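The structure appears below as C-alpha cells.
All values reported here derive from a predicted model rather than from experimental measurement.
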Amino acid sequence: MALLIIMITCFVIILASSQPCQTPDDFVAASSPGHIMIGGLFDIHEKMLSSEDYPRRPEIQKCVGFEISIFLQTLAMIHSIEMINNSTLLSGVKLGYEIYDTCTEVTVAMAAALRFISKFNCSREIVEVKCDYSSYMPRVKAVIGAGYSEISMAVSRMLNLQLIPQVSYESTAEILSDKIRFPSFLRTVPSDFYQTKAMVHLIQKSGWNWIGIITTDDDYGRLALNTFAIQTAANNVCIAFKEVLPAFLSDNTIEVRINQTLEKIIAEVHLLEVLKNVTFTDGGNSFHFDAHGDMNTGYDVVLWKEIDGHMTVTKMAQYDLKNDVFIITDRETRNEFRNLKRIRSKCSMECSPGQMKKTMRSQHICCYECVNCPENHYSNQTDMDHCLLCNNETHWAPVRSTMCFEKEVEYLNWNDSLALLLLALSLMGIMFVLAIGIIFTRNLNTPIVKSSGGLVICYVILLCHFLNFASTGFFVGEPQDFTCKTQQTLFGMSFTLCISCILTKSLKILLAFSFDPKLQNFLKCLYKPIPIIFTCTGIQVVICTLWLIFAAPTVEENVSLPRVIILECKEGSILAFGIMLAYIAILAFICFIFAFKGRKLPENYNEAKFITFGMLIYFIAWITFIPVYATTFGKYLPAVEIIVILISNYGILCCTFFPKCYVILCKQETNTKSAFLKTIYSYSSHSVGSLAMSHVSLDSTNTNITMNNPSLGGKSAACQKSKDLQTVAHICKANATSVSKTWPRKKFSSI
C-alpha cells in the first residue's frame with residue numbers, strides 16, 4: 001500500500017512538472033518533454049459526468065470512477081519510457097510522453113487525438129488542415145492505446161491522416177484487422193475472430209450446443225457477438241439467449257493482466273513500417289505483428305469457480321491461435337478440462353449413427369428429434385443433419401444403417417437348384433437323342449426308318465435336337481459376351497434347321513398319299529428337300545448375322561433391385577429377337593398345316609399326326625413364354641427361356657421319334673415289308689372306294705368295270721420302285737363279271 005501511495009505522489013509531481021502550456025483542470029494528462037513524443041490513451045476513470053448546464057457548452061466534463069488497474073498500466077508505460085531513457089538503447093535521443101485519460105468516452109479521446117496531430121514545434125492547441133499530409137510533421141510520433149475497441153476505432157481514423165502508428169494493448173475488435181480502414185493500427189492482442197473461434201472450439205470440445213451469450217453494448221461487444229453467432233451457427237451450436245449489458249462496466253473481481261508495452265522505441269523515420277516488422281521474445285516465446293497488425297499471442301482459458309462463497313479464477317489452458325489447439329500444462333487442469341464434458345448443455349439428446357436430426361417447426365436447430373435413416377441411406381456420425389445416400393447402383397443400406405453395403409452380384413449359377421434341375425433335363429434329352437440315333441442306326445433297313453426320310457434326315461434332325469439341348473447350357477453361369485451371343489443364335493439356327501427338315505417330311509407324306517392330281521403336281525414341283533432346307537435355314541442365318549453385327553446381345557448389370565445386382569444378357573435388339581422367333585413360328589405353322597392335312601394316313605405309319613401334336617406343343621409353349629418373359633425379372637429370367645426351349649424340344653422329339661422307337665422295339669411284327677405293304681394296300685383300297693363313290697375322276701383314261709357279279713376277281717401287284725424307301729403300290733387291274741356301272745381307274749404314286 002505504501003508503494004501505491006508513493007507511485008500516486010510521483011504521478012502528481014509529474015503532472016505539476018508538465019509543459020508550460022496549461023491543460024484544463026477537467027482534462028487530466030501526464031507529460032514529459034523529449035526528442036520523440038509518444039502519446040498515451042488510458043481509461044483511468046470509468047465515466048464522464050453529464051453536464052448540468054443548459055444550454056450545454058462544448059467542453060470536456062469532469063470524470064469519475066477511478067480505475068486502479070488502468071492507472072497501473074499508465075505507470076507501466078511511464079516506467080518503460082524512463083528505463084529506455086536511462087539506458088544506452090537510444091544514445092542521445094530522449095523519449096517524451098503525453099498521456100491522456102479518455103474517461104472511457106470517445107469524445108474525450110478525440111480531443112486528445114487532436115492534440116496528438118498538432119504540428120511539431122507549435123502549440124498543441126493548433127491543428128493545421130491540409131489536403132496532403134506527406135510533409136506534415138505531427139508533434140506526437142506514435143500513440144499507445146486505447147483500451148476499448150470503440151475508442152480505438154475513432155482515434156485511429158483521425159491518426160490515419162498522418163499515418164501515426166497506434167498500438168493498442170486491449171482493443172480486440174475484428175474490424176480493426178482491416179488495413180484498408182485502419183492502415184496505421186497495431187495491437188498486442190489477438191483479434192476477436194480468434195477469441196470467438198477459441199470459445200466455439202471450447203464449446204465443441206465440451207460437447208455443448210445450447211448456450212447463452214452476455215456481451216456489452218458497444219462496438220466491441222456487438223462485433224464480437226456477430227462473429228460469435230456466425231461461428232456457432234457454422235458448428236451447429238444454438239444460442240438460447242443473448243444479454244446485452246451497458247458498456248464500460250468495471251468488475252474489480254476480474255484479474256487484469258497488464259499487457260506488454262513496447263520494448264523498443266526507434267527513430268521517427270518510417271516508424272510505422274519498422275513497427276510492423278518488430279519481433280521480440282518473452283519467456284522463450286517469439287511475438288510479432290502479422291499482416292493485419294495483430295499480435296500472434298494466444299488466450300488464457302480461465303475457469304470461474306465458486307468455493308465457499310468466494311469466486312476464484314483459475315487458469316486452465318492456453319489457446320494457440322496458429323494451431324487452433326488448447327495447451328494444457330498439468331494434470332489437475334487437464335482433469336478440470338475434462339470435467340467440462342460432464343456439464344450437460346444441450347437442448348436435445350444427440351442422435352446416434354444411423355439416425356438424423358429432424359428439427360421441429362418454430363424451434364432452434366439444436367432442438368430436434370432423432371429419426372432413423374431410411375433404406376439406402378446411412379449416417380456414420382452423431383447428430384448428422386441428414387442421412388447420406390448410398391450409390392444405388394453398387395451399394396445398399398437397411399433402415400438405420402451406419403454404412404453402405406456392397407450389393408451382391410447374382411445370376412443363374414451352376415449351383416442353383418433350379419439350374420441343376422434344368423441342366424439334368426437337358427442332359428436327359430441329349431441321352432434320348434443319342435439313344436434314338438443308336439436305335440435308328442441298328443434298324444437302318446426297316447420300313448419305319450425308311451419311311452422317316454432315311455438315316456441322313458433323321459441324323460440331321462437329331463443333331464438339331466442335340467444342339468437345342470446343348471444351347472441351354474449357355475444360359476447358366478456368369479454371363480459373358482460370348483455366351484450371350486451364342487445362346488440365342490445357336491438355338492435360333494438349330495431349331496430352324498430342325499423345323500425345316502420336319503417341313504420336308506410333311507411335304508413328302510402329303511405328296512405320297514395325295515390323290516388329287518392338281519395338288520399332287522403342285523407338291524411334286526414344291527418338293528425339293530435340299531433347297532428347302534438350305535433356303536429356310538439360310539434366311540435364319542442371315543437374320544442372326546445381321547443381329548450380331550448391328551445390335552448384338554451384351555452383358556448388362558440390372559441395378560433396379562435394392563440389394564443385388566443382376567448380371568443378365570440383354571438382347572441388344574428386341575426387334576431382331578422377335579423376328580428370329582417369328583420366323584421359326586412361321587415355319588412351324590406351315591409345317592403344322594401340311595401335317596394336319598395328312599393326319600388320316602395309315603395308322604401304323606401316321607407320322608403326320610404326331611408332327612401336328614409336336615407343333616401344337618411348340619405353339620403352346622412359346623405363346624405362354626411371351627407374357628411370362630416380359631413380366632419376369634431377376635436372376636431366374638434365363639430359366640424361363642430354358643424351360644420353353646426344353647418343352648418345345650421335348651415335344652417335337654417325343655412326337656417325331658418316340659412312336660417309331662416304340663414300333664421298332666415293341667411291335668416288331670408291324671415293322672416288316674409285308675405288314676407295311678398290307679397297310680398301304682388297305683389304305684389305298686379305302687381311298688379308291690371313297691373316290692369312286694364321290695364320282696371324282698382322277699385319271700385321263702377311263703376303264704369300264706362291271707360291279708354286278710358279287711364275286712370280285714382281280715390282281716394286285718406291289719413292287720419296290722426305288723431303294724430309298726420309295727414303295728410303289730399299284731392297282732394294275734380290277735375285273736368284275738356283272739357290273740351295271742363304269743368306274744374310273746386310279747394310278748397311285750409312289751410313297
[atom2] on [Y] to [atom1] on [X], rounded to 0.5 Å:
X	Y	atom1	atom2	value
Ser32	Ile99	OG	CD1	9.5 Å
Asn376	Leu388	CG	CG	13.0 Å
Lys197	Leu202	NZ	CG	14.5 Å
Asp43	Ser69	CG	OG	9.5 Å
Leu186	Ile144	CG	CD1	11.5 Å
Met403	His395	CE	NE2	8.0 Å

Are the side chains of [X] and [Y] in touch, meaning some heavy atoms are under 4.5 Å apart?
X	Y	answer
Asp101	Val108	no
Met349	Cys370	no
Pro183	Leu163	yes
Ile70	Gln73	yes
Tyr148	Thr102	no
Asn372	Gln355	yes
Met356	His377	no
Ile203	Asn235	no

Under the 3.5 angstrom rule, does the side chain of [X] hit a backbone N or O of [Y] as a donor-acceptor pair?
X	Y	value
His35	Lys94	yes
Thr104	Glu46	yes
Ser118	Arg115	yes
Ser379	Cys387	no
Asp383	Cys351	yes
Ser171	Ala146	yes
Ser156	Met153	no
Ser184	Ile164	yes

Please give me the minimum heavy-atom distance between [X] and [Y], naming the atom from each residue.
X	Y	answer
Gly39	Val140	N-CG1, 3.2 Å
Met199	Phe228	CB-CE1, 3.8 Å
Glu82	Tyr97	OE2-CE2, 3.8 Å
Ser149	Thr172	OG-N, 3.1 Å
Glu170	Val189	C-CG2, 4.0 Å
Leu176	Phe182	CA-CD1, 3.9 Å

- Message: Taking ring pair (Phe, Tyr, Trp, His ring centres under 6.0 Å) as the definition, give me every residue that meets it alongside Phe42, ordered by chain and number, with sequence neighbours left out.
- Response: Tyr169
- Asn226: partners by side chain to side chain donor-acceptor pair (under 3.5 Å), with sequence neighbours left out: none
- For Arg157, what residues pass the side chain to side chain donor-acceptor pair (under 3.5 Å) criterion, not counting sequence neighbours? none
- For Ile213 and Thr232, what are the C-alpha separation, side-chain angles and deciding distance, and is it a side chain to side chain contact (heavy atoms under 4.5 Å, CB included)? CA-CA 11 Å; Ile213 299 178; Thr232 53; 5.8 Å; no
- Given side chain to side chain contact (heavy atoms under 4.5 Å, CB included), test Arg400 with Ser352 step by step and report yes or no. CA-CA 10 Å; Arg400 197 176 181 177; Ser352 61; 3.3 Å; yes
- Item | Results of salt bridge (Lys or Arg N to Asp or Glu O under 4.0 Å) for Lys357 - residues two or more places apart only |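 Here the qualifying residues are Asp385.
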- Query: Excluding sequence neighbours, so at least two apart, what forms salt bridge (Lys or Arg N to Asp or Glu O under 4.0 Å) with Glu350?
  - Reply: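 Per chain and number, Glu350 pairs via salt bridge (Lys or Arg N to Asp or Glu O under 4.0 Å) with Lys346.
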- Item | Any side-chain donor near an acceptor of the partner, Ser177 and Arg187, under 3.5 Å |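 Yes.
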- Query: What residues form a side-chain contact (heavy atoms from CB on, under 4.5 Å) with Ser348, not counting sequence neighbours?
  - Reply: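 Ser348 satisfies side-chain contact (heavy atoms from CB on, under 4.5 Å) with Cys367, Tyr368 only.
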- Could you go step by step and tell me if Val106 and Glu150 meet the side chain to side chain contact (heavy atoms under 4.5 Å, CB included) rule? CA-CA 7 Å; Val106 175; Glu150 185 176 19; 4.0 Å; yes
- Item | Trace of the side chain to side chain contact (heavy atoms under 4.5 Å, CB included) decision for Lys141 with Met37 | CA-CA 6 Å; Lys141 301 302 184 292; Met37 296 297 295; 5.8 Å; no
